[in-house]
Each structure stands twice: as C-alpha cells, then as structure tokens.
Undergrad: 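One structure is given below, represented as structure tokens, and several questions about it will come after.
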Amino acid sequence: MAGADAAVLAEVVRSQVETHARFGGVVPELAGRRHIESIDEVVREALARAGVGVRDLGAVAVTGGPGLIGALLVGVSYGKALAYSLGIPLIPVNHLEGHLSAAWLGAARLAPPFVALVASGGHTNLYHVKERGEPALLGRTLDDAAGEAFDKAAKMLGLGYPGGPVIDRLAREGDPDKAPFPRPYPTCEDLNFSFSGIKTALLYHLRDREAAGRSWHVPDVAAGFQQAIVEVLVAKTLAAAGRAGVRDVVVTGGVAANSQLRALFEARGKDAGITVHIPPLRYCTDNGAMIAAAGARLLQDGRAATLAFEPRADWAIGD
Amino acid sequence: MTAIPAGPTIMAPPVAVWETTSAEATRAIGQLLGEACAGGETIALIGPLGAGKTCLVRGLAAGLGAPAEAVTSPTFVLIHEYAGRVPLYHVDLYRLDARDAVNGLGLEEYVDSAGVTVIEWADRAPAVLPGDHLRVAIEHLGGDRRRVTLHPQGARPAALAAQVAARHPGTGGA
C-alpha cells in the first residue's frame, strides 16, 4: 500500500516460489487457488504493518491484466468487494504500468518523462512515460522475452531453472569472444526485439560442436550468449531515449538483476549523457507496491473504474 | 546438453506435408489453418526449441483475425489469450511435466470452449488432448528449412486438415 505521494507504508509479498519451484514456473489453476487462500491474509498483514485500519484507505488499486485470468479474477473480485464495502474508488492497474511505476519507488523517486525498459521472463517492452496520460509503447519483443531466452539457454546448457542468475554467474568466468553470437535484431531503426533466433543459434552452435566431436566451455558460451542479449537491450533502450528526447532511463523487470546489463547501462549511459536508474530489485520483480504506486497516480488523474470492470488476460497499453 | 531432442513421434498418418525454407512460409501454413478454423478446435503443436512454433501461431492468429503481431511466446505465463473471430488460446507446456499439466492447468476449460486452443509442447502431456485434435509437427531440417506435417485425430480435424491441404498442396503425405 502506498500513500498519494507514493510513500510505501507496508509491503507484504506472498511468494508462490515454493509452490511453483517444482514446476519451474507458475501453474495457472494452482496460482488461482493460492491467490484465494492468501489474498485476505496478505491485505490484513499489510494494513497491520502500516498501522492503518481498513477505513483509512482512500482507494483500492488492483492488477487488472495482462496475466492468467484465474489469478486476475481473484484479485479483481477482492478489490471490488473492498472498494464497494468501503465506498472508495477501485483503480484497475495494468501490470506493465505497475512495472513502470517502480521508478518512483525507492530512493530515486524519478518523475516522468523518461524511457523505461521492462525486461522479465514474460515481457521485453520499451515505453516512453510522459508527464500525463498513458505510456507510449516504443518497442517490444516480437517473440521470446529476454528472461525467457536466458531460461531456455540455461536449459540447453543443462544449468537448471531459472536461467538468468546462473548464466550471469558463469559468464563472469567466461570469454565472450570465444563463443561469439550474432546480435539478435540489432538495428536501432526498429526498437522491437527478437530473442527467438539467438536461441536457435545456440542450439546449432552446440549441435555443430557435438557433431564435430568438440566440447564447449560452458562459461564462454554463457558469456557470449549473455553479451549478445545485453548489448541489444542497452543499445535499443538508449536509442529510444534519444529518439524520445529524454535524459533519464529506467530499467526494471527481473532481468534488471543481471550484473553485465547494469554495468553496460551505466557505462554507455554515461557516454550518451543519459542517467540510468535501476529501482531496488524488490521493486523490479513482481510486487504489490508498484501496483499501489501506479494506482495512486491514476487516482490523481481521475482514472477510477466502476464495479463493472472485468480483468483482461490480454490487456495491452500504449499500442 | 548431450543430445538434440528427437523428432516427433508420428501417431497418425499425415494428411499433408510441407517443407518450408523461411519463417514466412511456416507462418503462411498457420494462416491457412486459422482461416479454416470455425472455433472449438484443439491444435497440438509439436517441435523442438527454435522450430518455429510461435511463428506458426502468429499465422494462425492472422487467419483467425486476431492481432498476429501481438503474438509472443507464452512460455513464461503458460497461456496467452487473443481476441479474434473466435478467441485464440495459446498454451505452452514447455515448463511443465505431464502430471502438473493434467492436474493443475485447468486446460479442459479452454479445450471445451468455443475458441481455438493451440498447445505448444502438447507431447509433454498427451492426456490433456481431447479425442479430436489436429497434431501439427514441425521438424528442423537444418538452416532455415523445416518440415511441417498435419496429423488429424477424428473426423472434424481430418476435414480441417483436408481443407488446408487442398488450398496449399504439400510436398508429400497421403
């Protein structure tokens, strides 16, 4: 929950990591069931930690999509019931707009305008966040998300799930020049991404070596693969900032944890005279505070919904 | 990784076989398939990583009047929904094993709906497939070459496959 100035009063994250670890991800029906079991407890705990009562709430912000419809329905139904019973506004928040709002959480408190890269297992989107109105989508992945590319590469290399952290760690010990990969869809004329081809390139790289009876040094392959992805993410994001005429860039989503991505953003951003902001990692990965922060801003813009609102699994913004 | 995943197990005689040499050609087959769908179909999409499964689904979306350019990999969230002439449900079982998919996914609600349900990596959980379904297999032939085959199970999928094959004669099959 967050105040109107986006101060976070309390945070409670009920991770389904344990439930889902066995599956290597989120299982929809299971997610819906766990949501039902957890939501009331999580809200009560957040209120208790914030030291406020339910009647102190001024509005309820809830994720309205995109996502798994079973899980969205639980949150939206709960949000509606809470808003109706208290006579306060209901603010449906787009999950991606929530990610963008991580910019004004934590120390930086960055105000728009800025360009933001949201890179996770499910998304790779570039937005222009303006002072007012809906963010504009500048580019997005045409196929696989960046985090997904890391996961699939890790699987091919027999490194387990999730792939991002282990590739990041191994890449530090490897030499990217010993296993160079073509930069996927590198043209900055087009701000869209494509990470499906590099997956196939890795597959062929390993297969050709295997066919030739040659082994491979996993850290070198990890370093080469990671560098190709990271360079394209950084180049297109900074190009987007240049095109939008902004001096600030926000990098969020789980891939923002990647150490090479952070280092390269800092270095190239400095060269380009652009300040790169990375919110604290707990606000980069999925969390409720970012939804509350987005909701506070939407409330100021008068963007409450009626109780007829229905969650949308395919809700896109800025197209 | 010690071995490249094996090709698909052929479960029904193919009604149509194509060899494609580009992503566009694979997508075009998907589009014909989408145009031929009336709603209620289940399509099992089988093929290794990088075969072009999502690419074929992009064509399928275009054929269903859904926003084809919005189609991305559903691996992470497992299910994407797109609004078209009839809804398109794009499912990906890559991260699941058979038991999870059968017990936890609630896939029957999608399969029994009036939409078109396309399931990537359906071979990981054959039990989720209804009796009538169309199996679409994509194989790597090296470089950009792929082999796409249609294996219908049941009368309606057989008619669907025949309709597609009639509009785009393949390079082999029955």
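Below, read A as the first sequence line, B as the second, and so on, with proteins coming before strands; counting in each chain starts at 1.
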Undergrad: Identify which of A/Gly122, A/Ala201, A/Gly121 forms the greatest number of heavy-atom pairs closer than 4.5 Å to chain B.
TA: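 Going by pairs under 4.5 Å, I would pick A/Gly121.
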Undergrad: Is the backbone N or O of B/Gly143 less than 3.5 Å from a side-chain atom of A/Tyr204, with the two atoms forming a donor-acceptor pair by type?
TA: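 Such a contact is found between A/Tyr204 side chain and B/Gly143 backbone.
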Undergrad: Atom CD in B/Glu69, atom CG in A/Asn192: separation rounded to 0.5 Å?
TA: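 Atom-to-atom, B/Glu69:CD and A/Asn192:CG are 9.5 Å apart.
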Undergrad: Most heavy-atom pairs under 4.5 angstrom with chain B, which of A/Leu159, A/Asp143, A/Asp314?
TA: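 Heavy-atom pair counts peak at A/Asp143.
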Undergrad: Which atoms of A/Thr141 come close to chain B, meaning under 4.5 Å heavy atom to heavy atom: side chain ones, backbone ones, both, or neither?
TA: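 Contact with chain B involves both backbone and side-chain atoms of A/Thr141.
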Undergrad: Please classify the contact between A/Arg140 and chain B as side chain, backbone, both or neither, with a heavy-atom cut-off of under 4.5 Å.
TA: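 Interface part for A/Arg140: side chain.
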Undergrad: Report the C-alpha distance between A/Leu203 and B/His140 in whole Å, list the side-chain angles of each, state the deciding distance to 0.1 Å, and finish with yes or no for side chain to side chain contact (heavy atoms under 4.5 Å, CB included).
TA: CA-CA 11 Å; A/Leu203 185 76; B/His140 280 287; 3.6 Å; yes
Undergrad: Between A/Leu68 and B/Val77, what is the shortest heavy-atom contact and its length?
TA: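 Minimum heavy-atom separation between A/Leu68 and B/Val77: CD2-O, 3.0 Å.
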Undergrad: Give, for atom CD1 of B/Ile79 and atom CD1 of A/Ile69, the distance between the pair rounded to the nearest 0.5 Å.
TA: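 Going from the CD1 atom of B/Ile79 to the CD1 atom of A/Ile69 covers 10.5 Å.
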Undergrad: State, with a plain yes or no, whether a side-chain heavy atom of A/Lys199 is found less than 4.5 Å away from one of B/Ser73.
TA: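 Not in contact.
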Undergrad: With rounding to the nearest 0.5 angstrom, report the OG1 to CD distance, B/Thr72 to A/Glu148.
TA: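 Here the interatomic distance stands at 8.0 Å.
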Undergrad: CG/B/Leu49 to NZ/A/Lys152 distance, rounded to the nearest 0.5 angstrom?
TA: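 If I round to the nearest 0.5 Å, the distance is 5.5 Å.
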Undergrad: How about CD on A/Glu173, more than 12 heavy atoms from neighbouring residues, nucleotides or ligands closer than 6.0 Å, or not?
TA: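 Atom CD in A/Glu173 is packed in, count exceeds 12.
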Undergrad: To the nearest 0.5 Å, what is the distance between CG on A/Leu142 and OG1 on B/Thr54?
TA: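 These two atoms lie 12.0 Å from each other.
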